[in-house]
Amino acid sequence: MATFVIRRLIASIFILLAATYLMYILTALSGDPLEDLRTSTAPNKAQLIESRTRLLNLDVPPFLRYFIWLAGVGKCFIGQCDLGVTVQNQPVTILLAQAAGSTLQLVTIASLVAIILGITVGITTALRQYSGYDYGVTFISFLFFSLPIFWVAVLLKQYIAIGFNDFLADPKIEYWIIPIIAVVSGLIWMSIIPRKGLQKLLTFGIAAVATAGILFYLDLSDWFSTPHIGIVGIIISSIAVAFGVTVISTGLKRRRALYAALTVAGVGIAIYYPFLYGFSLSLEAWSLALLALVTIGVSFAIGWFWGGADRLPVARTAAITGFLVAGLIALDRFMFVWNQYANSGRIKGRPIATVGSATPGLEGSLWVHGVDLFTHLLLPTIALILISFASYTRYSRASLLEVMNQDYIRTARAKGLTERTVVVRHAFRNALIPIATIVAFDIGGIIGGAVITERVFGFVGMGQLFQNGLDHVDPNPVMAFFLVTGGLAILFNLLADLVYAGLDPRIRVS
Amino acid sequence: MSQPTPTTSPTDKRRIGAPLLEIRDLQVSFATQAGMVPAVNGVSLTLLQGETLAIVGESGSGKTTTALSVIKLLPGAAEITGGSILFDGVDLTKLSEKELESVRGKQIGFVPQDPMSNLNPVWRIGFQVEETLVANGKAQRGRDAREKAIAVLESAGLGDAAQRMRQYPHQFSGGMRQRVLIGIGLSSTPKLLIADEPTSALDVTVQRVILDHLAKLTAESGTSVLFITHDLGLAAERAQKLVVMYKGRVVEAGPSVELLQNPQHPYTKRLVAAAPSLASHRLQGSASSIAARDQRDAESADVDLARTAEERAAHAASALAAPPAVQVENLTKVFRISSGKLRSEPFTAVDSVSFSIAKGTTTALVGESGSGKSTVARLVLKLDEPTSGRIVVDGRDLSTTRGKDLLALRRRMQPVFQDPFGSLDPLYNIGATIAEPLVAHRVGNAREQQARVLELLDQVSLPKKLVDRYPNELSGGQRQRVAIARALALKPDIVVLDEAVSALDVLVQAQILALLGELQSELDLTYLFITHDLAVVRLIADNVCVMRKGRIVEAASTSEVFDNPKEQYTQELLAAIPGAGITLGA
Amino acid sequence: MTNLEPPVQQPGHHAPGGTDDESSIEIKDIAGLSQGQIVRKRFFRHRGALIAMFALLFIIVLAFTSVGPQFGSFKPGGWWPFTWNVAGAIENGGRPTLTVFPLSFGNHPFGQDQVGRDIFAVVMRGTQQSLMIMVIVGSIATIIGTVVGAVSGFYRGITDAVLMRFTDIIITIPVIVIGAVLGRRFGFAGAPVLALILGLVLWTGLARLVRGEFLTLREREFVDAARVAGARDARIIFRHILPNAIGVIIVNSTLLMAAAILIETGLSFLGYGVQAPDTSLGKIISENQAAFSTRPWLFWWPGLFIIAIALCINFIGDGLRDAFDPRQKRMPTGGALAKAKRAGQPVAGSQKAGDK
């Protein structure tokens, strides 16, 4: 196994070297780096050309100039990265450090959201094959495949951001919108839940009435200007999460798992107020991450304590419940500062941002910055995930359907396992194996898409670095961009290998 | 030869008596674009407690569909459209999915057909046994389940079960996997076990051991068995009662031996006559039998393998004196197998194999999977290069022949492969397929080639109108006839038959064997017949070479190998032929 | 749009043997037809693909007849009264004159831009260009991908290693990135050159798939049979393996075309694609982005045409996949099944023919 990974890593490094060489040459030959100076009318034209030539080693042909650049990159191994300078004589290393953060944030969040949503939706459509829901999702994913990313981005900016901000200025839902949303929601639920005849109508009715009720409540309680979950919401949703996680993870028949999950939910409810008004005030990003780990650890321990003979599944159930309940509480904490954020001097009541990756000069706690991040990343993320979402949905669906047709699934049923066990333990687990490869492979696509999205939303990120470099026929910033994206692609391919090996014992144990 | 029939076992605790499973007028249909197509049409059968009942039929007869209907695990497009399945007095067709879950595994165990695909590759063997025990309430999670799972695997005949528990399916051989599956099927001591061709993917010797074990286990626990198989001999040997199915209907049912000795329905008669494991003599294609067959309608051309046997002794003796058409000397083939690390390891697939085939005779190369028999075929056909050794065809060494001479030599040897679906290019119509060698070797012009194709179709008894059809429209037997016609197109002397009848149903198999016999005497062909099935060997071969692990362990004339086997391995192989011990009626 | 790998399933194979009940029924379903006829029949059964095909045909005919194609000095003109590069008097404030109730087109159904050019004509010209780019990219990438994959998969060994490492190198660079770099250099040379260049970088995914397909197909017995029959490598590759891999190739080259049109528009948007005075759908959007709040129709129409074309191609690709790969065949819809059940027993003579 280790030899396999090392071999792949070495091969990948050689491929990356070859790819950087190709990129360097292509960029260097994509135009004339002195074009703007040649056409200029400045009196010291010759001197300017001379100085830029020296700055960028333009007298060395690109085939060799690459190695000067490579030598600079090589210094990274002794801690002195030198990625060269731009046409404007700014060190690329510093520019990259500034740019990489916001892009990687965007790409990471977009990938995570796309993976979670895509796989969930794909799996559910496979389980409800040939339902209205399945056909609907199929059509939507085809539509997403066909959308030009920048076109969507511009539309989002124009309609969602501006429209939603307008709505937030006076958050009243029009009376005729509620029934429409209720009917649509009823139809969706009806197609997801497999029922026949009258029960189908009943499903529709319940879903529609519930949706309408929630909307009315939100409208009347002015929820949109002061969003919150509140202690009642937390109690209801925590218990629902406990039940839901147990159903999927171990099945309700395992009482111990259910009790463990409910205990964890109870602990979450108990620390709700202390957290909200107490120790959440002084948290930093790192301590929040630590807190998340502690939560998972404590929940796991509670599950372990409840466990009985076969502890691991119970502890797993408890840990997942703990993470989700903690997430709900954190979400409420974020909502807590929403009003304060939206009406702060820098935001002026128009929270959904259309430009940039953060509000400059915004002051406030971790929670305020979190909300700021959310408002800035919301639209670019949506624009970025559409295609990935569509392809992950299609792949997970196909993959699960393929697995569900395997002989061992029939055997698992013949063994007397419940349908839940068959799907979760035997089908889903196996379906993940091909999906892991696809997801890793797709990462290059997401980064490419980020170049366009960043441009539409005015991010100061790596896309801009790339475009500025390319416009000036300046390989250094372009290569810095490519070093990160190519490195990421290779990293993810390696990760995919590891995940693959982790999921598939045929690779791991040979 | 031992008789593993469970009724003779002293440990038999069965209380044969009350009906356990009663299938009444079962109808199962598949939904297709053309409408509902019936796969099972009014099947009725009764299985008593403690009894073993076998459903026998060809592919597409609906036998597996019937069995799967019992536990309602039919493929998505299939649906039970009528009839009832009473199990212990409960109609299984009326149960909800939840209720069925408590019947499956706990009351009705299932042993599937293909051991390679029926264990989930990502879970440990032990876990897959444990989860069955837990799901059926036979064990508590944790240590209890582990201990009971070890017991299950041990009773299924798996040595060092405790260590094996931690391994994954891919680390198990086919036979071991099938033991695991049998263990799982029986783990919750069900009243009924459905065994769907449980050993058809395994070698004969393994098949025998596994079925013996299965019989012992079910006899001990008094479990009834619904046994699905295509092999009449196997069914008769393993079950008290037989149900013969054909095209979704039951054509005949009754006690095994009685049914075999005195079949009533014409189809059963044909089946009994054609089953190679039941026939005990070699097929012969003498001129008289051809003439006789020509008079009959091709459709009802039943081939009684046993009856046409003994007429050929003289011919064989004279043929053995003929000069060798193919001579193989010290043939060795070493493959390099990647071991996952940076190195690769040598693997000797064929280990200094020598034999020669006299002109106009048939030599069979027999062996189980991995014995290297197919590699020999590929080497003889020059699809692979030997590591060392010589193949001499008509006095010319194959490895030193180059260019035009090689092309000429190749024309003399043509293959027929195992898979009648894989060996024909699906995009070529029958005429183009048969003409392919003629086109490649530029034999004659288009009109002559066309004429030759029609002549060949006639030779393999296929109607001329098939010439512009496509392989997907033909049945397996027809495809194999096309493959034979293609092999004969260049008028070769030597035909390499690589498992050429293994994938066919018995009736079709008998017909193809008869055709091969006829063609041999008509065209004076030399056959190299590669097979894993000793029963077939007896019907067609003059000489037999038994291969094991790349070596020939025994080589002699067919009658000698069958009547007086020298090597223990050959004896084991012979003993494992199912149904060989059953005496047939006149 | 940088969806480098079109959504592709690994090629499916008919299970050899086909001995189970289900596949014998599949055989009945297709009895009496050649492979080509079967594929056609299955394709026409896919309603979405059929509609998409007619919609795409309509768009193609509309785009090329309305304002007429233009290759160099060859400008036959079309039936539409306006041309895409000539400004006219602004009517109706430039707003679209198209109304649905009552249906009426008016002079400028899609509106006009700030200098008075007719947007319908501009969009039609852009559609022409985008379609042409799509076809060129698709053909070139398909040819290169097929050849590289075929040679790799058939000869294996060192040839395979070299070609596949080369593919790995290209695949490491995101398409939009290498497209931008090359577009920066060649975009000025006109749309066909840009398309050619894009085709030169988009073949990698197809090459991998074709290689995989060849690796499995070359192990099939009919290939051995052909070799023993005396067929040479070229005959085996082109007459036996390639036709059997054609399903994978066709399906993926359609999906490649859908990806190509999105990549072209993306590049044009970034400024590395088609350059003025030429135009394309992506370029129209890019040019008029700033005018979105005042003249949104400049933005809507080209976008809708991009989506329409890409959607049609994706649906056609889906239909082709179903047609070529029966393993993933759509089940008949619930209604059709119910109808079949009501009809009861099937057509007579649908039993599997026994061996004669």
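Bear in mind the structure is a predicted one, so any value in this text is a computation, not a measurement. Below, read A as the first sequence line, B as the second, and so on, with proteins coming before strands; counting in each chain starts at 1. Note: hydrogens, waters and symmetry copies are ignored here, and every other heavy atom, side chains too, is used.
Heavy-atom distances place both the backbone and the side chain of A:D471 under 4.5 Å from chain C. If you measure heavy-atom distances from C:F166 to chain A, you find no contacts under 4.5 Å at all. In this structure, chain A has a heavy atom under 4.5 Å from the side chain of C:I285, while its backbone stays farther away. For a residue to count as touching a neighbouring chain, one of its non-hydrogen atoms must lie under 4.5 Å from one of that chain's; by this rule A:F14 does not touch chain C. When heavy atoms are compared at a cutoff of 4.5 Å, A:L22 approaches chain C solely by way of its side chain, counted from C-beta outward. The contact between C:A180 and chain A is made by backbone and side chain atoms together, counting heavy-atom distances below 4.5 Å. With a 4.5 angstrom heavy-atom cutoff, C:I313 does not touch chain A via any of its atoms. With a 4.5 angstrom heavy-atom cutoff, A:L401 does not touch chain C via any of its atoms. For C:F186, no part lies under 4.5 angstrom from a heavy atom of chain A.
A:F142 and A:F145 have perpendicular rings, their planes meeting at more than 60° on a 0 to 90° scale where under 30° would count as parallel. The aromatic rings of A:F466 and C:Y272 lie perpendicular to each other, with more than 60° between the two planes, well past the 30° mark. Ring geometry for C:F299 versus A:W151: interplanar angle under 30°, hence parallel rather than tilted (30 to 60°).
The salt bridge (charged side-chain N to carboxylate O under 4.0 Å, His left out) check on C:D168 picks up C:R165, C:R208, with sequence neighbours excluded.
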*A:D134 and A:R397: salt bridge (Lys or Arg N to Asp or Glu O under 4.0 Å), yes or no, with the steps?*
CA-CA 10 Å; A:D134 183 25; A:R397 179 177 179 276; 2.8 Å; yes
*Audit row: A:I387, A:L147, side-chain contact (heavy atoms from CB on, under 4.5 Å) steps and yes/no*: CA-CA 8 Å; A:I387 290 175; A:L147 289 177; 6.0 Å; no
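If you check the side chains of C:E264 and C:S268, you find a donor sitting under 3.5 Å from an acceptor. Side-chain N/O atoms of A:R455 and A:Q467 include a donor and acceptor closer than 3.5 Å.
Counted within 6.0 Å of CZ on A:F492, heavy atoms from surrounding residues, nucleotides or ligands total 12 or fewer; the atom is thus considered open.
Counting heavy-atom pairs closer than 4.5 Å to chain C, the top-ranked of the candidates A:A18, A:G486, A:S30, A:S12 is A:S30. Per-residue counts of heavy-atom pairs under 4.5 Å with chain C were compared for A:I490, A:L155, A:V478, A:V473; the largest is that of A:L155. Of the listed residues (C:I307, C:I309, C:I306), the greatest number of heavy-atom pairs within a distance under 4.5 Å of chain A belongs to C:I307. Taking chain A as the reference chain and counting heavy-atom pairs below 4.5 Å, the highest number among C:W300, C:F269, C:F315 is found for C:F269.
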